[in-house]
Amino acid sequence: KTVSLLNGLFSMIKFGLANCYDGFGENVGSGGCRDNGSYQRASGILEFEPSSTLSTDIIDELATLMTAGRLSERNREIIREAFESAENQ
């Protein structure tokens, strides 16, 4: 069961919600299971669009989604510095 779960999660990330490579979805679209970014067979995809453009708000939102808000202040600061450094390049 663990391997099936991992296969399904991998498929969800790579192909969207589809039946590709033991994914969790059903075959609702046409086309093959190609990793070309078109998600032809997917009935849904994983996306994230932040509700703000401020780095602190984006980091808080991601921390809530990925760690249920348990990200420490020090780690938030490290991420904020990297985020703002990448933004300025």
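Only a predicted model underlies this, so the values are computations on that prediction, with no experimental measurement involved.
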For the residue pair P50 and I58, what are the closest heavy atoms and their distance?
CB-CG1, 3.6 Å

Y39: what forms a ring pair (Phe, Tyr, Trp, His ring centres under 6.0 Å) with it, not counting sequence neighbours?
none

If you look only at distance, which donor and acceptor atoms sit under 3.5 Å apart when one is on a side chain in residues 62-71 and the other is two or more places apart or in another chain?
from : atom 1 : to  : atom 2 : distance (Å)
T64  : OG1    : D60 : O      : 3.0
T67  : OG1    : A63 : O      : 2.7
T67  : OG1    : R70 : N      : 3.3
T67  : OG1    : L71 : N      : 3.4
R70  : NE     : T67 : O      : 3.3

Would you mind reporting whether R41 and F15 have side-chain heavy atoms less than 4.5 Å apart?
no

Could you tell me if the side chain of F24 sits less than 4.5 Å from the side chain of L5, heavy atoms only?
yes

Does a salt bridge link R80 with E77, judged by any charged N lying under 4.0 Å from a carboxylate O?
yes

Kindly compute the distance separating CD (E61) from CD1 (I59), expressed to the nearest 0.5 Å.
11.5 Å

N/O donor-acceptor pair under 3.5 Å between E84 side chain and S55 backbone
no

NZ (K1) and CG (L6) are apart, to the nearest 0.5 Å, by 14.0 Å

Can you give me the closest heavy-atom contact between G25 and N19, atom names plus distance?
O-CB, 3.4 Å

Distance in Å, D22 CG paired with L9 CG, rounded so as to fall on 0.5 Å steps:
12.0 Å

Within the side chain of S11, is there an N or O that forms a donor-acceptor pair under 3.5 Å with the backbone of C20?
yes

